[in-house]
Number of protein chains: 2
Amino acid sequence: MNRANNIINSDTPQSTEAVILKAASEVFMERGFDGARMQEIADRAGLNKALLHYYYRSKEKLFNAVFERVLIEMIEGMIQIFEDNLTVFESIRSFFKKHQEILMKNKLLPLFMLNEIQRAPELLIDLYPVDRIQVVRKKFYSDVNNEQHMGIIRKDVDPHDLFLNILSLSVFPFAAKPLLKGFYSMDENDFQSMISHRKENLADFVINAIKA
Amino acid sequence: MNRANNIINSDTPQSTEAVILKAASEVFMERGFDGARMQEIADRAGLNKALLHYYYRSKEKLFNAVFERVLIEMIEGMIQIFEDNLTVFESIRSFFKKHQEILMKNKLLPLFMLNEIQRAPELLIDLYPVDRIQVVRKKFYSDVNNEQHMGIIRKDVDPHDLFLNILSLSVFPFAAKPLLKGFYSMDENDFQSMISHRKENLADFVINAIKA
DNA sequence: GTCTATATTGGGATAGAC
DNA sequence: GTCTATCCCAATATAGAC
């Protein structure tokens with residue numbers, strides 16, 4: 001269980017501050033900012049509400065602390081996946097494999113992030129240097145372009161679209177988990193095995209879609 | 001602007017009940033159940049809070065009225081798209097085209113639905129006869145199987161996966177709109193033209209991925 | 001630093017006049 | 001049916017003892 005794959009659960013926290021942050025992460029992830037209660041966070045941390053305010057002043061500040069941490073680790077995690085020097089096909093394979101594993105350990109992450117950014121879009125700009133991720137995207141784009149010239153990837157593939165498609169295929173099932181459970185009447189195990197299956201097969205889907 | 005494509009905005013409402021429902025739809029969609037305020041709904045409807053309770057008893061009942069309507073229209077809309085007797089490739093083309101148009105008119109719909117079902121999964125089962133959508137899925141599956149035997153679609157395509165992939169590609173960008181805006185620094189127009197672009201090209205992506 | 005007790009306000013819900 | 005005024009609880013936040 002290496003650090004990169006583990007966004008919410010820190011390693012057996014010691015300091016009160018860390019205990020609070022861990023409990024807060026859980027509750028905010030499950031219920032969102034508006035649905036979360038300071039009381040529940042205190043209960044889960046085994047402390048009282050007053051202490052939360054002692055350390056973090058307000059619910060909003062506590063939330064921001066949680067969100068910033070989650071946001072940074074998520075993006076850094078995604079960046080790492082793309083960092084190795086691989087062919088585009090290999091990158092795609094490795095991306096799905098690693099990304100599905102990350103999300104499997106943090107099933108609530110996608111919906112949480114999408115939600116809170118919709119609620120307060122400034123969170124994204126305020127808390128993160130957005131251009132950090134541009135570097136990776138640009139590299140991916142030029143890699144794709146190269147392989148298009150080499151006749152490996154179809155010429156009509158737009159790298160920008162491709163990136164978004166990959167992200168959609170990877171993330172959506174997690175955001176839609178409760179919906180899928182309802183429609184397909186799946187339980188937690190079914191969902192898990194669906195993801196393992198996708199982890200192996202999504203790359204083929206995409207590669208077939210783009211290969212020349 | 002036909003009815004099927006129009007989930008939130010009803011046609012120039014008359015009755016107070018309808019005015020409330022319309023205002024409530026807007027506010028719940030924008031802020032979710034937990035973030036929504038009865039006061040804001042009243043303000044937008046040009047009425048006072050007391051009337052909301054007069055007609056709908058409680059916030060929760062008002063929400064359920066909104067949610068049920070949205071859920072049913074959404075599913076019925078999706079079902080209609082698949083109802084025509086087309087080849088799989090044609091279905092896919094027509095699905096993306098129509099579905100992107102529906103979502104374009106209700107950009108907040110996907111995230112709203114995903115959210116609220118995560119918050120209260122029983123909404124799905126309580127408010128809708130789930131098996132209604134199974135019929136369409138089953139038909140799609142058997143169509144795919146047929147065309148696999150005819151050598152049109154790759155044998156290793158799992159219809160179940162394919163369905164989820166199509167949904168992911170169609171829905172995710174809307175759920176992630178604020179995130180995309182942040183990362184790509186897009187404005188509303190950029191987003192709109194990205195969707196028009198995808199409306200035309202998503203089908204090719206999928207068809208390339210699955211054609212034998 | 002951590003607790004109990006309390007202040008304060010936001011917001012869902014109701015009473016009652018018209 | 002629609003309004004104003006009010007109730008009341010839940011939830012954030014603070015005071016102050018230890």
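Predicted, not measured: the structure shown is a model, and the values here were computed from it. All values below come from the heavy atoms of this structure, side chains included, with hydrogens, waters and symmetry mates left out.
With distances taken from any side-chain atom of L51(A) to the nucleotides dA13(D), dT14(C), dT2(C), the minimum falls on dT2(C). Here the nucleotide nearest the side chain of R37(B), chosen from dC3(D), dT12(D), dG11(C), is dG11(C).
Using cut-offs of 30° and 60° for the angle between ring planes, the Y141(A) and H160(A) rings count as tilted. The aromatic rings of F28(A) and F63(A) sit perpendicular to each other, their planes meeting at more than 60°, with 30° as the lower class boundary.
Nucleotide dG1(D) holds its P atom 14 Å from the CD atom of Q14(B), rounded to whole Å. Counting to the nearest Å, the C1' atom of dC7(D) and the NE2 atom of H53(B) are 13 Å from each other. Note: CG (L47(A)) to C1' (dT4(C)) measures 14 Å, nearest angstrom. The nearest whole Å value for the distance from the CD atom in E40(A) to the C1' atom in dA10(D) is 14 Å. Counting to the nearest Å, the C1' atom of dG12(C) and the CG atom of D34(B) are 13 Å from each other. Following rounding to the nearest Å, I20(A) (CD1) and dC3(C) (C1') show an atom-to-atom distance of 13 Å. The interatomic distance linking N48(A) (CG) with dT2(C) (P) rounds to 9 Å, in whole Å. When the C1' atom of dA11(D) is taken as reference, atom CZ of F28(A) falls 13 Å away, rounded to whole Å.
Cation-pi geometry between K177(B) and F191(B) is satisfied (NZ or CZ under 6.0 Å from the ring centre, within 45° of the ring normal).
In this structure, CG on L167(B) lies 13.0 Å from CZ on F172(B), to the nearest 0.5 angstrom.
Contact annotation for A42(A): no contact, since no heavy-atom pair falls under 4.0 Å across all strands.
Along DNA chain D, the nucleotide nearest to T16(B) and the one nearest to K49(B) differ in position, and the one closer to the 5' end is contacted by T16(B).
Salt-bridge check for D204(B) with R93(B): passed, with a basic side-chain N closer than 4.0 Å to an acidic carboxylate O.
Of the residues in residues 54-64 of chain B, those with a non-hydrogen atom less than 4.0 angstrom from any atom of DNA chain D are Y54(B), Y55(B).
Nearest heavy atom pair, residue G182(A) against residue L124(B), reads CA-CD2, 3.6 Å. The shortest heavy-atom contact between S170(B) and Q100(B) is OG-OE1, 2.8 Å.
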